[in-house]
Structures are given as structure tokens and as C-alpha cells.
Number of protein chains: 2
Amino acid sequence: MNIRDIADIAGVGVSTVSRVINNHPDVKVSTREKVLKIIEEYNYIPNNSARVLKKANTNYIGLLVKGIYNPFFYEMINIIGSIIASAGYSMLYEQGDYKIYQDVDNIISFSNEKKLRGVICLGGNFIDLTDESFSSLNIPVVLTSVNTVSKLGKKTYSSVGIDNVKAAYEATSYLIELGHKNIAIILGKDDDMGATWWRFNGYKKALAEHNINLKEEYILVGEYESEKSYEVTKKLLQEDNDVTAIFALSDIMAVGCARAVVDSNLKLGKDISLVGFDGLDYSKFYTPAITTVKQPRKLMAETSAKLLLSLIKNETENEHILLDTKLIKRESCNKIL
Amino acid sequence: MNIRDIADIAGVGVSTVSRVINNHPDVKVSTREKVLKIIEEYNYIPNNSARVLKKANTNYIGLLVKGIYNPFFYEMINIIGSIIASAGYSMLYEQGDYKIYQDVDNIISFSNEKKLRGVICLGGNFIDLTDESFSSLNIPVVLTSVNTVSKLGKKTYSSVGIDNVKAAYEATSYLIELGHKNIAIILGKDDDMGATWWRFNGYKKALAEHNINLKEEYILVGEYESEKSYEVTKKLLQEDNDVTAIFALSDIMAVGCARAVVDSNLKLGKDISLVGFDGLDYSKFYTPAITTVKQPRKLMAETSAKLLLSLIKNETENEHILLDTKLIKRESCNKIL
DNA sequence: TTGTATGCGTTATCAT
DNA sequence: ATGATAACGCATACAA
């Protein structure tokens, strides 16, 4: 069943059917209705490939997600997906693990191969972006929750994110204000140039401002996993009796820490203070509830999708949007002398 | 840059280039290398739409996910995605909320529109499946973590899931064996004919076998949300002093319950026993750790993807696979007299 | 307002 | 082993 069949059945030319399908104005109302009825009746669906081949553009938007198991992104995927869908686009989803470091090449080949109209990247490393990085790409790119280190190429892509340095600085400062001096930090990956790196910088900045020395032993790596964070925290608590606070760079890791504290016969929110990062639901329902840096992930998702849509429609220029985080104080922290 | 350009540059015919691209045997090694070099040099990527138009089949596999925020599915999405990708297919992702009840129509239009090679559905309601439901569909369908009620049409699709009745029966029986008689249950949605309904049946079966009456007041609805579950649990504990155990049909909801117990000045794992469902990581790290029914979600994801791939390759017939769940006993339950 | 004819880039058939 | 050419289904320029 193709456009010609419909045309024959309706007793009209193919172009008329095409015009009906594409809502062109120059069709008599009665003709349009007749054609529409037949399309309906025969369940005709235009061949997308032929359309794309002819028009040389698709209605695909690519979503490139970095990090296999990142609950933080999952919710965002669906928000982005629904906005994209209601704008008439389809979402082509691809994910890569943390090991792939050629993210730019990834985007370009993804785009070329699938003839995308635009791309959103959730996470990823874009360390050495240049003015030419995206030059071979003629579709808009939105990097969301991505930390670019380079100042170059800002005109060639958009971004939506948070100020990781500031967020981590605030969280660490909060712990310091509560009187903590021995503050351990659980990093995601130690070779990560993304969020981990910037947040680590915020932590170091806060320590430095209060003349607290950075201690090697207090820098742990949790691999963004509860389990791993549990292990490293437990080990730390066994070996060191001075530590009074822990800053975990994700809530997933914070939960692992929390349990490690309990299992070390210490009281969370009393012997050890804990701050997480992300603002996932379950930090709120944990016992005791875990203080965390809340990222506006719904807003981030919405902003990204809407921005990309505007960019595709050429309604706006590339933008770099930083959204606010919020330190949510709960029961896992307390004041010490 | 198209196949003709490459052919011209290489000084060969288009068919030769096509043969090279598609790894056809009848090409002299030297010719193949020459063409390959030029393809590489000019960064030529074959036009997918033209290919599809010609071959009348894509390399798209559709993933239809039900339920906007279901962490249980998220991890599975990525596992499925990576298996699909390494088999050379791309994943077209669509999601719907719980309100859409015409899931079969959804699959069919999705498939037709995108010329999919196969579809995996994560969740969803397929209550009145008939032998004809999928008859207009000539691609394999795998329903994962879906509860079909109908016995019809089993030859026309595959499924991967767990025995929800049995799993819920075991969990409830466990609580009963511990001495509990007043066991509340937190359902997902009250009008859900999917997992909730079957698990609810397992719960009822266990109660009936031990001559425990089903109490209206003990049937709560948590909307698959921690927050909502928190509220209904808190209300229950205020109004009723007899309840000694709660069975939450998802870990997300269990976490909400857990906190509600604490906030009602009761001790979880002592005054109130709690069993969750799913086996998400954080039930393990909760304090106290939450007993839960673990679903083998990685295995479910792998099984689904591999099954679909075999079905596409016509290597196997439709199958209906039930995987085992496991009750993981932790600290949130205790024996009462 | 409507129909005819052409070409989008590829693969497959048929020659050579 | 290789090349010419005819589809695939559609949108559109042009003709009517």
C-alpha cells in the first residue's frame, strides 16, 4: 500500500494525495476528505524512508546518554522524550559507557548516520572542545549536565547544566560551618574530567578558604556505585578515627556511605555527618534523611528539550544555561564543636 | 557525497562500491581496498533512508516503555540498548504513561511508522489479547515484565517475566510465618491490571490459605511513589494499632513506608515488618535493610533482547519465559508471637 | 485545483 | 569481476 495505490483508489493523482498528507492548501475540500477517508480506510502510512530520502531531513532527534547506570539521567530521559514526541519528533537513543572518550566524534557519526535534526547529550566528557569541533555538524547540539573544560567553540553548541564548583563549594562550606574539619569526599571516578572534577574543585576551594589541609586519605572513589562507596567508606572509618564528615558526589554513593557508617557502629548525623549530591527521592526517605545538593533535573530536562527545539526551528542562538542547585538540609548532618 | 561520487572518484561503477559497502564477495581485493580508501578519505556514509527504501527493512528495534518514572525499567533499558547496538541495530525509544490502554495499537502503529524489525515492550497492559491482536504485525514482539491476562494469542508474541502471583505469595507467606496476621499491602495503582493485580492475588492467596481475613483498611494505594506511600502508610499507622506488617509492591514505595514507620515513632523491623518488591539497590543499603522480592532484572533484560534477536533471525519460535524471583531476607522483618 | 514526470541514493538484476 | 540500469515510495517543479 503506497501513495500510488491510494491515488488510484481515490481516482486522483499522486500529487494530490501527497498534498493531502502534507496539509498543503491547494486541495479542494471535497477532494481532501475523499482522500483522507481512503487513507483511513486502508490504513495507509506513508513510507518514512522515501519521505526522508526526498526531503533530505528526518524527524529524528538523537539522545546520547553517558554512563550505563545513572538514575539521575533516567528521569530526564523520559521528560525529554515526551517533549520531543509532542513536538512531532522521534527519539533515537544511544548510550555509551564512561570509557568512551571521543564524544564529539560520536555525535558526528551518530548524526550523519541517522540524519538527525538535533542532538542532546546527557553527560559525557568534552574536554578539548575547539571552535572547529562541531564545524562539520550542521545541526544543533545541546550538552546537558556535561562539563566542558574548554572555553572554545561556545558559539557552536548550547549547554544546560549547573555550577558544579559552586554547588560543591556550598556543600563543603556547610559542613565546615557546622564545625567539621576532617571531611572525606567520595568521588565518582578518579580520572573523570566531568562533574567529579569540578565538584572536587569546589570541595578543595572551600577547604582552602578555611585553611584546612587536603588529606590524601580523605579522597575516596566510589565509582558512582552504592556498593563501592560502602566499601571505601567502611575501610576509611576503620582506619581513621578523626573523620567527622563525608561528602559523597552522588546520592547513590551517599546511600552506600550511610550504611557503612551504621555498620561501623557509628551514628549517622551524630558521629558522622553526610552530604550527598543530586537530590534523588530516596535521600529524603532514608533514615536519617540525607542532606543533599539538589539538582533541578526536571527543569534541566525541560530546558534542554525546549532549547533544542527552538534551535532546530532557528528561533534562537546557542545559549549556555546554568541552573541553580539547592542544598537541602536534612538529618544526616550535625554541628560539632 | 553519495555512492556515485565515490564511484566516480574511484573510477569504478556504483555497483562495485555498493558491493564493497555491503561486503559482497565478488570484488577483487585491490579494487575493494581502493574503494575503501576513498570512502574513508571522503568520510562517506551511505544514506540510510535510500538503503531502507530499497531493501524495505530497517535496522531499528523499537523499545516501548510504560510508566514515566520506573527505576526498575531504567537499568534494563541500557542493557537492552547495548545488546541491540552490538548486534548492529539501533534503538528507537518511546514511552507512554500508565493511562494509555491501547497498547496493542500502539505497537502496531509504532512498528508500521518506523518500519521496525522487532519490538520490546517494558511494562504495559495487555488485558484482552486475542489470537488476532498481533496478526497485522509481521515482526516479532517481546513483552517484558508485562502481565497478560488472556490465554489467547500466545503463539503470536513472546514474553519474559516473573510469576507475580507466586512471588507475592511467598513474600506474604513469609510474613505470616513470622507470626504476622495484620498485614497491609501497598498496591501500585488500584485500577492496574498488570503487576499490581497479580501480586495482589498472591497476597490474597497466602492470606486465604492461613485463614486470615482480607481487611479493606489494609489495602492501600501508593501510586508507585515513595511520597504517596509515605502518606498512606502514615495515615494507616495513625488510625490502626493492630497492623504489624506491610507488604509494598515496589521498593520505591517500600522506602516511603519505611520512613513513615519511623516518623510514627515505631521501629522498623520490630514494631512493624516491611517487605518490598523489585530488589533495587537501595533497599539493601537502607537502615534497616529492607527485605524484598528480588526480580532478576538484568537477566530479564538480557533474555528479552537476545530472544528478540533470535526471533528476528528466525532462529527460534515464540517463547514465554518465566524467571525466578528471590525473597531476600534482611533486617526489616521480625518474628512476633 | 489537479496531474505528469523527474530524481532523491541505494541495491539487485542482468549483462558483459 | 565489474558496470549499466531499473526499481523502492515519495515530494515537487512544472504543465495543464
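Atoms considered below: every heavy atom in the structure, side chains included; atoms not considered: hydrogens, waters and symmetry mates. A, B, ... follow the sequence lines: proteins, then strands. Residue 1 opens every chain. Every value quoted in this text rests on a predicted model; they were computed, and no experiment measured them.
Within the model, atoms CG of B:L308 and OG of B:S158 stand 8.5 Å from one another, a figure rounded to the nearest 0.5 Å. The structure places CG of B:L307 at 4.5 Å from CG of B:L311, a figure rounded to the nearest 0.5 Å.
Residues satisfying the side chain to side chain donor-acceptor pair (under 3.5 Å) test with A:K115, not counting sequence neighbours, are none.
Here D:dC14 presents its P atom at 16 Å from CG of A:D26, a figure rounded to the nearest Å.
Contact annotation: A:T31 does not reach the phosphate of C:dT1 (side-chain N/O to OP1 or OP2, under 4.0 Å). Close to D:dG3, at under 4.0 Å from its OP1 or OP2, lies a side-chain N or O of B:T16.
Sorted by first and then second residue, the side chain to side chain donor-acceptor pair (under 3.5 Å) pairs with a member in residues 42-52 of chain B read B:N22-B:R51; sequence neighbours excluded.
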For a quick check, with a 4.0 angstrom heavy-atom cut-off, what is the B/S/- contact string for nucleotides 9-16 of chain C, read 5' to 3'? BBBB----
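Under the 30°/60° scheme for interplanar angles, the aromatic rings of A:F134 and A:F126 are found to be tilted.
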